[in-house]
Amino acid sequence: MEEKVYEYLKALVAVPGISDTDDEKMAAERIGEILKEQSNFQVYPENFGEIMIPGDAKKRPLVYGLVRGNKSSGRTVIFTGHYDVVGVEDYGPLKPLAFSMEELKAAFEREYSERMSRRMAEVRSCEDAGEMHGREGSSAATLRAGSAHDPEEDFWKDVVSGEWIFGRGAADMKGGLAAGLAVLDEIGEQVLDGTDRLNGNILFLVVPDEESYSAGMRGAAGFLMDLREREGLSYDLLIDLEPMSRDEEGQEVFLGSVGKCMPVVLVQGRTAHVSRCFDGINAVGVLGRMFEKTELSAEFAEMFDGEVCMPPTWLNFRDRKREYDVSVPARAAGYLNVLSFRSGPEEIIEKLRECGYEAFSGYIDKMEEERKKLEGKLCGRRILRTENVPEDIERTAGGQEKKQDFEVLSFAELAERCREKDSDGFERFFREQKTQMEQKIQNGETNYPQATIELMTEVLDWSGITTPLMVLGFAPPLYPAYHSNQMAGKEGVGSFLFRKIKKVSENAGCPVKKVHYFTGISDLSYCGVCGEMDFSGYASETPLWGDGYRVDFKEIGKLNIPAVLLGPWGKDIHRRTERVNRKSLLVELPEILLELAETAV
């Protein structure tokens, strides 16, 4: 089977399949061709094929193959993964070789030889300089050691070891798909000749778009429901064949996947000429305070059984000016990534609301503090505002200004203000704007986060609100937290399955360790509904929720598939140094999958 896995991998990597591009469908076609050639599907062609994702503008398909055992059981193990990959810009001059595993490895080997030749020349030069002074130069010793001089030392060791396979997607995650395809073919042949030990069935299912918005796995719920009813299946275990890390304790097996949402923050301050900056409120300043309060904030970092999810980090931050001028920015916006084990979107937005109030008041306090410092430099003379100070700045009887009022609203609250103004008019306006934004996304003119900012801005304009405020909403994608121990009626099943996986893996010479949550975000989020997380309010706080983007929680809740992340040992995914371990992929993983397919159900 080792040779078959390698040939499948080589064929898959050769097809770019970069996420959210037209090339993505080419990867699906290649997988379909491989399935068509497998002996079981030549006998049962009705058991494999492509299913178009409902509403997908790029017309990308799910590709599947179902091998039915000989024991008339509905119990089923699913091998799944994504066929898209990230781009290859980071390969630089080697970009043309990124999808050719053998040529890329040869290029890395040449580069290694050149680097070593340069290093040895530098060593000799340093040694000659040391001899002139009667001692070995310290630089020569450093160059010999190498590690301090070369930040990619581990990579170069792997290049010359012969133990690794290189190429975009070799690890993430065409390696896992190749192993799954090879095992599927092996079991399919055994079923035909009556030598299989299956107690059930094997479903191979691959999806697009995992590297972008997970349209594939979100769209797979309906297909899996239909297939289950049509074929009388029960889904007992889903194995997502993503690449895993490994250390001295063993290779990771994840029972769950972290939740992720993407809050959007839109700030409206008050514009002013820079020469009269205290007349305004700089929206960038308020957003900056929001950034300070949330960026890498440990208050948001949740714990579970000794594991921690990473705190929020901002992915975009800028003013909303469309041209240059010397005015204080009236608006600014950005979005941030928030991970969670337990918290749902409604709880997260309330945390952000509190941060928003503190950010606004903190910036206004700073303005007052700095104004007073300037007045001190002017020997107590006040820095007066212009005559056009808005009426919402009131003064006490003594002439002192009160703090400027501001609000922090959720998008749903802003939309409700608009409906109070003109319900029918706003609904017509919002439908038109939303349709335009969805069309721009489909045409590749923008993306979901940027389109969300644009749509929130349009709604704020329509509202007619001119006073300072902050609006909080969400942009797609949404990944609910998932754990195979926490689905209603299936509590603890993940740990039960891990004990089986551990035994099988150790028999294959691959020690494993249990980890609760994969924090890199994965399609496991759409395998079931866990815990008491409430997503009912997410739709109203997400301007682009609807036909263009949705998560069918009801369908996913009906599936509730016990799932784990278990794939080959990989390193440096999404980098030019991406690689997968040869023995792990070609020998260990197929043996593990074959045994699990036969015993897990």
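Computed from a predicted model, the values in this text were never measured in an experiment.
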Inset, instruction - Hey, can you tell me if H483 and F304 have their rings parallel, tilted or perpendicular (30° and 60° cut-offs)? - result: tilted
Inset, instruction - Inspect the contact between D547 and K434 and indicate whether a charged nitrogen and a carboxylate oxygen are less than 4.0 angstrom apart. - result: no
Legend entry - Reported OH-to-CD1 distance for the pair Y8 and I31, which is rounded to 0.5 angstrom: 11.5 Å
Legend entry - Side chain E491, main chain G489, donor-acceptor under 3.5 Å: yes
Inset, instruction - Check the pair F474 / Y538 against ring pair (Phe, Tyr, Trp, His ring centres under 6.0 Å), numbers first and verdict last. - result: CA-CA 8 Å; F474 290 108; Y538 179 83; 5.2 Å; yes
Inset, instruction - Kindly determine whether Y64 and F204 satisfy ring pair (Phe, Tyr, Trp, His ring centres under 6.0 Å), including the steps that lead there. - result: CA-CA 5 Å; Y64 76 97; F204 180 81; over 10 Å; no
Legend entry - Pairwise distance CE(M173) to CE(M244) - rounded to 0.5 angstrom: 8.0 Å
Inset, instruction - Using a 4.5 Å cut-off on heavy atoms from C-beta on, say whether the side chain of T313 contacts that of E295. - result: yes
Inset, instruction - With the side chain counted from C-beta on, respond yes when Y549 and L544 share a heavy-atom pair under 4.5 Å apart, and no when they do not. - result: no
Inset, instruction - Salt-bridge test for R246 and E588: reply yes if a basic N is under 4.0 Å from a carboxylate O, no otherwise. - result: yes
Inset, instruction - Find out whether the Lys NZ or Arg CZ of K571 is both under 6.0 angstrom from the six-membered ring centre of F155 and within 45° of the ring's axis. - result: no
Legend entry - Flag side-chain contact, heavy atom, 4.5 Å: S214 against Y479: yes
Legend entry - F300 side chain reached by L339 side chain, heavy atoms, under 4.5 Å: no
Legend entry - Within-4.5 Å side-chain heavy-atom neighbours: E307 and V515: yes
Legend entry - R197/E595 salt bridge by N-O under 4.0 Å criterion: yes
Inset, instruction - Could you tell me whether R342 and E347 make a salt bridge, using a distance below 4.0 angstrom between a side-chain N and a carboxylate O? - result: no
Inset, instruction - Please report the C-alpha distance between T195 and Q190 in whole Å, then the side-chain angles of each, then the deciding distance to 0.1 Å, and finally whether the side-chain hydrogen bond (donor to acceptor under 3.5 Å, both in side chains) criterion is met. - result: CA-CA 5 Å; T195 61; Q190 292 175 0; 5.0 Å; no
Legend entry - Atom CZ of F223: over 12 foreign heavy atoms under 6.0 Å: yes
Legend entry - Salt-bridge criterion met for K25 and E29 (N-O under 4.0 Å): no
Legend entry - Within 6.0 angstrom of E46 CD, more than 12 heavy atoms from elsewhere: yes
Legend entry - R168/D90 ion pair, N-O < 4.0 Å: yes
Legend entry - Gap between atom CG of N485 and atom OG of S495 - 0.5 Å precision: 3.5 Å
Inset, instruction - Report, as yes or no, whether the 6.0 Å neighbourhood of atom NZ on K583 holds more than 12 heavy atoms from other residues, nucleotides or ligands. - result: no
Legend entry - Non-hydrogen side-chain atoms of V67 and F41 separated by less than 4.5 Å: yes
Inset, instruction - Kindly indicate whether the side chain of Q251, heavy atoms from C-beta on, has any atom under 4.5 Å from the side chain of K513. - result: no
Inset, instruction - Output yes when E7 and K10 qualify as a salt bridge under the 4.0 Å nitrogen-oxygen rule, no when they do not. - result: no
Inset, instruction - May I ask you to say whether D56 pairs ionically with R60, meaning some side-chain N is under 4.0 Å from a carboxylate O? - result: yes
Inset, instruction - Count the heavy atoms belonging to other residues, nucleotides or ligands that lie under 6.0 Å from CD of E299, then report whether that count exceeds 12. - result: no
Legend entry - R30/E33 ion pair, N-O < 4.0 Å: yes
Inset, instruction - May I ask you to decide if N581's main-chain N or O and E163's side chain share a donor-acceptor pair within less than 3.5 Å? - result: no
Inset, instruction - Answer yes or no: are there more than 12 heavy-atom neighbours, outside D23 itself, under 6.0 Å from its atom CG? - result: yes
Inset, instruction - Working to the nearest 0.5 Å, report the span between NZ of K514 and CD1 of I501. - result: 11.0 Å
